[in-house]
Structures are given as C-alpha cells and as structure tokens.
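Take a look at the structure below.
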Amino acid sequence: MFGRLAPLTAGPVRLRVVHALSGGRVLTTSQLCARMPAVGKVTVYRHVALLAEAGFLEVAGEQRVRGAVERHYRLRQDRPVVDAGAAAAMSLDDHRRGFAAAMAVLIAEFNAYLDRDGADPVADAVSYRQGTL
C-alpha cells in the first residue's frame, strides 16, 4: 500500500492538502479550496478524490448542504507502514518516493504545529537532530 501512496503525496497540491489536514484537522473540500485560492476548485476536488480513493484520507462525516452531500475529510490515523514484506517488494525508486512522502508528512505536521496559536518550540522543548541507528 505504501508504494502506491508515496507517488500520490508527492505533488504540490496533494502536499498542500496533507498539510491543511495535518494536526488532526477535519475539513471539507470547499474549505480546502478556500485555503488554496490559487488552485482551481476542480483540481483540488480531483486531488482529494485521489487521496481518498488511495486510502490516505478518510471521511470523518457527511452532511447535506443544499441537496448535495458534503464530506468532511481527515488524514487516516493508521498510516501505511513499510514492513519487511513490503520493503522487499519495493524498488529503489519506490523507497526514494516512500521516504520523500514520509518526510513531507513530517514537515507538514511540524508546520501545522508552528501555525497553531501559542506554538512555542522553546517551552514545548522541541528539538530535532539526526542520528544513526
């Protein structure tokens, strides 16, 4: 599953959707469009549909609005994991895309934290470092 999702999260519009929904946010496609006014509505709807179809987004709720069903989306909490079997089946390019997608989500979540009212990296003891495992 992860190999299929990695290319889906690599595009700039899809990364913006992931960023907008990170941090536990639940938004409708209309609300996502409002956050990305430079992106055409049809484009946002198409990318949300692709991410939902691939299982990266889930429907958090639905409501009727003027006769149409409006869906509220969120990022899936049970994100894909690359286990030994999946890793063995992936090509080197799949691993590159998977790592890039994982880092993009990490960056989006960190940005969502920084965008919160009252974010204080010093008080929250936020740190980052690179290590060898």
Side-chain angles (χ1 to χ4, degrees):
M1 184 174 176
F2 190 85
R4 183 173 171 218
L5 293 178
L8 280 174
T9 58
V13 173
R14 291 179 294 262
L15 281 176
R16 290 179 70 186
V17 169
V18 169
H19 177 261
L21 292 169
S22 64
R25 291 188 193 106
V26 176
L27 300 170
T28 65
T29 308
S30 295
Q31 291 170 320
L32 288 166
C33 289
R35 288 174 177 248
M36 297 181 261
V39 180
K41 288 183 180 185
V42 171
T43 301
V44 175
Y45 274 83
R46 184 173 37 116
H47 288 295
V48 167
L50 286 170
L51 289 167
E53 181 182 311
F56 204 78
L57 303 181
E58 65 184 357
V59 176
E62 296 179 337
Q63 68 183 33
R64 285 224 172 262
V65 177
R66 288 178 251 131
V69 175
E70 183 177 59
R71 290 183 177 92
H72 294 77
Y73 291 97
R74 67 178 164 224
L75 292 175
R76 286 188 53 182
Q77 298 303 307
D78 59 339
R79 293 195 182 135
V81 174
V82 178
D83 60 17
M90 293 170 65
S91 70
L92 294 178
D93 283 339
D94 288 338
H95 283 283
R96 282 185 184 95
R97 286 189 296 271
F99 183 78
M103 293 303 101
V105 169
L106 181 64
I107 290 167
E109 288 179 352
F110 187 65
N111 282 329
Y113 159 74
L114 293 175
D115 291 342
R116 277 191 346 220
D117 287 340
D120 187 345
V122 175
D124 293 337
V126 172
S127 66
Y128 26 89
R129 61 186 69 128
Q130 183 176 353
T132 305
L133 299 176

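Computed from a prediction, not measured in an experiment: that's the story for all the values here.
Separating the NE2 atom in His72 from the CD atom in Gln31 is a distance of 6.0 Å, to the nearest 0.5 Å. In this structure, CD in Glu58 is found 13.5 Å from CZ in Arg71, a value given to the nearest 0.5 Å. Note that OG1 of Thr132 is 7.0 Å distant from CD of Gln130, once rounded to the nearest 0.5 Å.
Checking side-chain atoms of Arg25 against main-chain N and O of Ala20 turns up a donor-acceptor pair under 3.5 Å.
No chain of hydrophobic side-chain contacts below 4.5 Å, direct or via other Ile, Leu, Val, Met, Phe, Trp or Tyr residues, connects Val26 to Leu51. Under the 4.5 Å side-chain heavy-atom criterion for grouping Ile, Leu, Val, Met, Phe, Trp and Tyr, Leu114 is connected to Tyr128 within one hydrophobic cluster.
The two atoms that bring Leu75 and Val18 nearest to each other are CD1-O, 3.9 Å, heavy atoms only. Shortest non-hydrogen contact noted between Leu57 and Arg76 is C-CG, 3.9 Å. Closest of all the heavy-atom pairs between Glu70 and Ser30 is OE2-OG, 4.1 Å. The two residues Ala87 and His95 come nearest to each other via the heavy atoms O-NE2, 3.2 Å. Minimum interatomic distance between Asp124 and Arg116 (heavy atoms only, all atoms of both residues): OD2-NH2, 4.4 Å. Summarising the geometry of Pro37 relative to Ala34, their closest heavy-atom pair is CD-O, 3.5 Å, with the distance given to 0.1 Å.
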*side chain to side chain contact (heavy atoms under 4.5 Å, CB included) assessment of Ser22 paired with Phe110*: CA-CA 9 Å; Ser22 64; Phe110 187 65; over 6 Å; no

*Quick one: do Val69 and Arg64 satisfy side chain to side chain contact (heavy atoms under 4.5 Å, CB included)? Show the steps, please.*
CA-CA 5 Å; Val69 175; Arg64 285 224 172 262; 3.5 Å; yes

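Between Tyr73 and Val59, some side-chain heavy-atom pair lies under the 4.5 Å cut-off. Residues Met36 and His47 are not in side-chain contact: their nearest non-hydrogen atoms beyond the backbone lie 4.5 Å or more apart. The shortest side-chain heavy-atom distance between Thr28 and Val65 does not fall under the 4.5 Å cut-off.
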